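These notes concern the structure reproduced below.
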There are 2 protein chains.
Amino acid sequence: MTETAAAAGVGDCASRTSVRPRPDGQDSYTIGEVAALTGLSAHTLRWYERIGLMSRVGRSHNGQRRYDNDDLRWLEFVGRLRLTGMPVADMVRYAELLREGDHTFAARQELLVRHREEVRRHIAELRATLAVLDFKIEIYGGSAR
Amino acid sequence: MTETAAAAGVGDCASRTSVRPRPDGQDSYTIGEVAALTGLSAHTLRWYERIGLMSRVGRSHNGQRRYDNDDLRWLEFVGRLRLTGMPVADMVRYAELLREGDHTFAARQELLVRHREEVRRHIAELRATLAVLDFKIEIYGGSAR
DNA sequence: TGCTTGCCTGGAGTGCACTCCAAGTCTCTA
DNA sequence: TAGAGACTTGGAGTGCACTCCAGGCAAGCA
């Protein structure tokens with residue numbers, strides 16, 4: 001269980017760690033460091049690569065993964081999409097389009113536009129529920145007193 | 001597959017159906033009608049009852065479920081909580097507290113207050129991502145042209 | 001009378017997104 | 001030189017929230 005300890009220790013705040021992004025050129029991170037930086041587990045990072053959500057990560061002379069700042073930026077974006085509920089399959093599709101090159105601009109844009117609509121719809125739902133919660137909580141406040 | 005056909009036919013708009021809420025006193029709905037009204041499948045409605053997310057629903061003389069307007073209102077609230085990401089286990093906990101009676105006011109209020117915080121946090125995340133999406137989509141617009 | 005439709009039950013199956021395991025390699029420190 | 005610790009792999013396991021299945025019952029209609 002040693003491997004996941006780093007990520008687990010980070011808890012809900014991924015930046016509370018000694019690992020900091022390094023300047024481009026000297027940017028080389030082990031999977032454990034990336035886990036600490038992103039809050040993802042090393043398991044999940046390998047799985048992301050396996051399913052094509054990340055293009056193949058660079059390797060050290062002995063086969064260990066070495067992530068760079070571009071990888072970190074990509075993981076941050078992926079994290080955003082994930083937090084806003086985009087299915088992993090859609091994120092993989094987006095990653096594939098990116099790898100395919102410039103002629104997929106339109107398709108990528110469409111994918112993001114569709115997701116933006118989803119996010120907007122979701123915000124509206126959350127707002128409506130917030131109103132319901134406010135109402136109920138107020139009732140409880142009044143009754144408890 | 002006859003059973004789920006009603007719910008499936010409803011699609012994304014649960015109100016596009018001939019079943020309408022009836023006045024209190026004449027409110028008695030079969031599981032199929034409730035499925036059409038709520039957009040949940042009959043399977044899910046039975047499962048909700050089994051796990052205690054609904055208190056035991058009334059029965060007809062031959063053992064079939066008969067839902068009333070209170071059940072419908074509860075299902076609507078549950079649907080809101082579900083859409084805002086509350087785990088089913090928490091919703092079950094809330095339902096249990098409700099059944100336990102008035103002395104659980106404070107606990108119920110606390111549960112809702114905590115969820116409200118979650119929802120607020122989530123809205124903030126979605127807003128931040130919306131900004132990122134706007135930026136990326138604009139880039140694609142410029143590059144594609 | 002037979003057929004269809006809608007419902008009942010407990011338990012098994014599904015899809016998603018991880019999460020862990022076993023067995024091994026490599027590097028570093030005591 | 002031994003041991004610890006971080007890493008490697010493919011494949012199996014987990015938890016959640018449903019979703020379906022098999023076998024059966026009851027009511028309405030031709």
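Residue numbers start from 1 in every chain, and the chains themselves are labelled A, B, ... in the order their sequence lines are given, proteins ahead of strands. The shown structure was predicted, so the numbers you read here are calculated from the model rather than taken from an experiment.
- The two residues A:Leu53 and A:Trp74 come nearest to each other via the heavy atoms O-NE1, 2.8 Å.
- Of the residues in residues 57-71 of chain B, B:Arg59, B:Gly63, B:Gln64, B:Arg65 come within less than 4.0 Å of DNA chain C through at least one heavy atom, sorted by number.
- Contacts between residues 73-99 of chain B and DNA chain D, defined by a heavy-atom separation under 4.0 Å, are made by B:Arg82, B:Pro87, B:Val88.
- Contact annotation: B:Tyr48 reaches the phosphate of D:dC18 (side-chain N/O to OP1 or OP2, under 4.0 Å).
- Remark: B:Asp102 engages no residue in a side-chain hydrogen bond (donor to acceptor under 3.5 Å, both in side chains) (not counting sequence neighbours).
- With sequence neighbours left out, B:Asp90 forms a side-chain hydrogen bond (donor to acceptor under 3.5 Å, both in side chains) with no residue at all.
- B:Arg50 is linked by a salt bridge (charged side-chain N to carboxylate O under 4.0 Å, His left out) to nothing, counting only residues two or more places apart in sequence or in another chain.
- The listed nucleotides are C:dC7, D:dA17, C:dT19; the one nearest the side chain of B:Trp47 is D:dA17.
- Annotation: side-chain contact (heavy atoms from CB on, under 4.5 Å) contacts of A:Asp71 (sequence neighbours excluded): A:Met54, A:Val57, A:Tyr67, A:Asp68.
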Please set out all donor-acceptor pairs under 3.5 angstrom arising from side-chain atoms of residues 122-134 of chain B, sequence neighbours excluded.
{"from": "B:His122", "atom 1": "NE2", "to": "A:Leu83", "atom 2": "O", "distance (Å)": "3.4"}
{"from": "B:Thr129", "atom 1": "OG1", "to": "A:Arg80", "atom 2": "NH1", "distance (Å)": "3.2"}
{"from": "B:Thr129", "atom 1": "OG1", "to": "B:Glu125", "atom 2": "O", "distance (Å)": "3.1"}
{"from": "B:Asp134", "atom 1": "OD1", "to": "A:Arg116", "atom 2": "NH1", "distance (Å)": "2.6"}

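- Between A:Arg46 atom CZ and D:dG11 atom C1' there is a gap of 14 Å when expressed in whole angstrom units.
- Considering only residues two or more places apart in sequence or on other chains, B:Thr104 meets the side-chain contact (heavy atoms from CB on, under 4.5 Å) condition with B:Leu97, B:Glu100, B:Arg108.
- For B:Arg82, the salt bridge (charged side-chain N to carboxylate O under 4.0 Å, His left out) test picks out no residue, with sequence neighbours left out.
- Residue B:Thr30 places at least one side-chain N or O under 4.0 Å from the OP1 or OP2 atom of C:dC7.
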